[in-house]
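Lettering of chains follows the sequences in order, A, B, ..., and the numbering in each one begins at 1. Note that this is a predicted model, so its numbers are computed, not measured.
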Amino acid sequence: MHHNSLNDPFDAAQPIVDASHSHSHQLATNSPLADAQRDFEARQTPSFRGMEHFHEAGHACSGQDCNHASHAASRPAASTDNLLTRVVENAVMRAIFPNDMERRAFLSVVGRGTAAAVLGSMFDFGTARSMAADPVKNIEKKDLSVGFIPITCATPIIMAEPMGFYSKHGLNVKVRKAAGWAVVRDWAVNKEVDAAHMLSPMPLALTLGAGSPAVPFFMPAIENINGQAITLALKHKNVKGPKDMKGFRFCVPFTYSMHNYLLRYYLAEGGLHPDKDVQIRVVPPPEMVANLKADNVDGYLAPDPFNQRAVYENVGFLFKLTKELWEGHPCCAFAISKEFTDKNPNTFKALFRSIVDATHFAADPKNRKDIAKAISPTNYLNQPQIVLEQVLTGRYADGLGGIQNVPDRINFDPFPWHSMAMWILSQMKRWKHVEGDFDYQKVAEQVYLAAECDKVMAELGYKTRGATSKKHIIMGREFDPAKVADYAKSFPISNL
Amino acid sequence: MAIRPSWNDRFGPYLLSLLILGLFLFVWEAATRSPRFDAKGKTEDQLTTMEFNGDVVKDAAGHYIWNPDKVKGIPGPMKVFEKARTELGEAFVKKGTNDHGIGFLVWYTIKRFMSGFLAGSIVAILLGVLIGLSKPLFIAFNPFIQVLKPISPLAWMPLLLYSVKDPFWTAILVVFMASLWPTVANTAFGVNSIRKDYLHVAALLEMSYLRRLFTVVLPAAAPAIIAGLRISFGSALVAVVPAEMLLGELGAGYLTWIEWNNLDISGVIFAILVVGFVGYALDYAFGRLAALFTYTEV
């Protein structure tokens, strides 16, 4: 793409285009800077009208005809951010070295790394970049803490700290590692953290008061799609499907998790009742590997890196990736209490942007190796880099002696489709994880901020969705959100 | 002429200690030693997969050897020693919110432990004296204390977390609960069984209540109180580490948890050793302090 041809200002071998000296016709042509300027202008469109929209979430745009922010729908996704960086860096380098020969001489003496570091210490590129992107003003609270569970699903939330996505949007965020899902939930409810990494069903369960007191929570963005797997102990190499799994002892990380609902769905489609024919226990993921090793369990449906970790530890194999069950299923999410967003609308906006930005960065396969390196230290995931690389790049050992190549084994997409929430609610209903009746669509719209996410994506110049609900295919069976109540009752195997 | 203890008597036990340690380390090392990697009988494909999975690496000569960074099963003492060296080398380094050096972690644990234990002990001694001084109160309270005493302090944790809504205070309160009951029971018992002569003399001298408390009651009950504190001390020490593990609060217990999360067994062993040494140091300090308050009755 010609966007990327905007020259690297830290490369001594390349000249940089000087906008102030360029002839006017250059701007009219397809030169990179002309593009950059157009991007700047597009960015200036004030599209975030503030918080008032959050409480009418979805009411203005339920169904397929939601089309606001479509002005940005056709813009290319990830490249704009790099471009913006380049533009800012170019501007700074031009200001320091009006004569391009001096810049080249300087760079050839000190080297690009040193130059970039020195300039970075004098001039905060991150701030400059976010200033260029129509920054959020009047941030109420700059110092935030965000809870996370050390798994690859939380990649965007975690990497946003070391890779500077929070600071880019004017925030000083420290991510805080939690010991388990119940802990992170309690932290979030008790305001021990300002926002948290949760499993996508958790904000729904919290809002409905399932398994905890009812506290209204929002889920502004999904973190990852796909990225989970059914891992079985090596002795089950010959297992073909649910038929061979009768009596198995499985683990899932939490009751209100996609892991639990996908495993239950998978087993039930194969004719097994998950509460009668097998045992499903809630176990913290690292203990799953240890339990697999100790032969206490037969398998688990868990977040990575603990599937790959079982292969690394030579105790299990990847029986099925969850993308084979539901291509593009949601998994983990970014969640925040309604109370916080009411009190700190601008902070929330900046935080929302950081997450959407980081999630898009993570979606780009070419960034995955750097990300693996950024999040493997003790402060974050505390996992061997080789395991994280296999998870994030999708080139992995399957535990049966083969090396697989599935680039979208895990992927990242912030958009919280209401229909995803409705599917989750249908499964909560199906397995009696929630009592009483509720309006599926209403709860989904209240918790999953799909329309708002579209807006933020538009502001940042990413591709928008223009709808908040769609049909999904789960193991070959269509889920139509318009018929969710019937769908929940349609399963021959259920607890209803 | 005084008999000088022989060399054997003086140093023999220590030598024996060293010998036991040496033997233990030797057996440990021997039991965890893995045989050299043998590439024979493996196809090129299998070797590539093993290398990809980090099982084996190529050495300088291009031969496959076991990956020294990947430990299978229980690591040997050398691995643990290496881990301890790196950890201690960065004892006072902070690498972010979730990665503080071992020096900091130990300090957090000691702080948490001391605040919970001190608060618990003060409350317990006051309560104990109050109950102990009056026979009816003692009899009335005794059943409750007997029921509450054996409850594991960790069993309080969910209730505390739910009501306090703050993991920081919950951890301290768990220590508080752990250090409460043994001291209450012992103090009450000690105060209750003070020789009645002492109290009579104090009454004869028309001492004020406070003066009587500090000059007669507490000193007379001191041995029993100290014994109670000792038991509390032990149970509080046992409680603080799992509380940190469960709550994810930074401390020595947290170290155990994150190393376990990474399935890094040498890290777990190192963390266990740290907990042991911290407990020993605290217990030693407490013993020295207690010695100041103990006396033999004449």
Side-chain angles (χ1 to χ4, degrees), chain A residues 145-151 158 161-162 173-180 182-184 186-187 189-192 212-213 284-290 293 305-306 308-315 376-387 389-390 395-403, chain B residues 42-43 45-55 57 67 69-73 86-87 90 93-102 105 157-158 161-170 242-250 253-265 267-268:
Chain A
S145 106
V146 176
F148 75 94
I149 301 287
I151 51 178
I158 301 170
E161 185 191 308
V173 173
K174 293 280 169 230
V175 292
R176 199 168 152 207
K177 183 148 52 175
V183 175
V184 89
D186 294 345
W187 279 2
V189 170
N190 299 332
K191 305 188 193 93
E192 185 73 13
S212 66
E287 272 158 55
M288 292 180 186
V289 183
K293 213 171 192 170
F306 294 102
Q308 198 58 49
R309 192 69 203 251
V311 176
Y312 180 76
E313 300 288 334
N314 310 103
V315 293
S376 72
T378 311
N379 195 36
Y380 305 111
L381 287 197
N382 193 24
Q383 288 285 339
Q385 200 178 322
I386 176 173
V387 173
E389 257 180 40
Q390 291 192 31
R395 209 175 110 75
Y396 62 91
D398 58 11
L400 294 172
I403 296 175
Chain B
K42 294 216 161 46
T43 65
D45 268 4
Q46 282 173 318
L47 287 170
T48 320
T49 312
M50 286 183 84
E51 191 182 8
F52 182 72
N53 199 31
D55 291 317
V57 288
N67 181 357
D69 292 335
K70 179 168 172 178
V71 183
K72 294 180 174 200
T86 38
E87 287 288 332
E90 321 176 314
V93 180
K94 278 190 193 179
K95 285 196 215 155
T97 342
N98 308 301
D99 185 10
H100 292 192
I102 180 73
L105 295 181
M157 209 192 71
L161 189 61
Y162 189 81
S163 45
V164 183
K165 299 191 179 217
D166 185 314
F168 174 81
W169 289 106
T170 304
E244 286 170 350
M245 280 179 84
L246 291 170
L247 292 165
E249 288 288 296
L250 292 177
Y254 175 83
L255 180 68
T256 321
W257 173 69
I258 54 165
E259 295 300 357
W260 169 233
N261 203 53
N262 188 15
L263 296 165
D264 180 348
I265 306 302
V268 171

Next on the checklist: Given heavy-atom pairs under 4.5 angstrom as the criterion, report whether the side chain, backbone, both or neither of A:Lys191 touches chain B.
Outcome noted: neither
Checklist entry - Of the backbone (N, CA, C, O) and the side chain (C-beta and beyond), which part of B:Met50 lies under 4.5 Å from a heavy atom of chain A, both, or neither? => result neither
Checklist entry - Is it the backbone or the side chain of A:Arg395 that comes under 4.5 Å from a heavy atom of chain B, or both, or neither? => result both
Checklist entry - Checking A:Gln390 side chain against B:Phe52 main chain: does a donor-acceptor pair fall under 3.5 Å? => result yes
Item to check | Residue part contacting chain B, namely of A:Pro384, when any heavy atom lies under 4.5 Å | outcome: both
Checklist entry - Under a 4.5 Å heavy-atom cutoff, which of A:Leu381, A:Val387, A:Val189, A:Asn314 has the most pairs with chain B? => result A:Asn314
Item to check | Engaged part of B:Asp45 at the chain A interface, taking heavy atoms whose separation is under 4.5 Å | outcome: neither
Checklist outcome for this item: Across all chains, not counting sequence neighbours, the side-chain hydrogen bond (donor to acceptor under 3.5 Å, both in side chains) partners of A:Tyr380 are A:Glu161
Item to check | Short side-chain to backbone donor-acceptor contact, B:Asn53 and A:Val311, under 3.5 Å | outcome: yes
Checklist entry - Can you say whether A:Asn382 sits under 4.5 Å from chain B via the side chain, the backbone, both, or neither, judging by heavy atoms? => result both
Checklist entry - B:Asn67: what forms a side-chain hydrogen bond (donor to acceptor under 3.5 Å, both in side chains) with it, not counting sequence neighbours? => result none
Checklist outcome for this item: Applying a strict 4.5 Å limit to non-hydrogen atoms, the region of B:Trp257 in contact with chain A is side chain
Item to check | Rounded distance [0.5 Å steps], OG1 in A:Thr378 versus CD in B:Glu259 | outcome: 7.0 Å
Checklist entry - In terms of heavy-atom pairs under 4.5 Å, which option from A:Asp398, A:Asn379, A:Asn190 contacts chain B the most? => result A:Asn379
Checklist outcome for this item: Given A:Ala397, A:Pro305, A:Pro284, A:Gly402, the one with more heavy-atom pairs under 4.5 angstrom with chain B than any other is A:Ala397
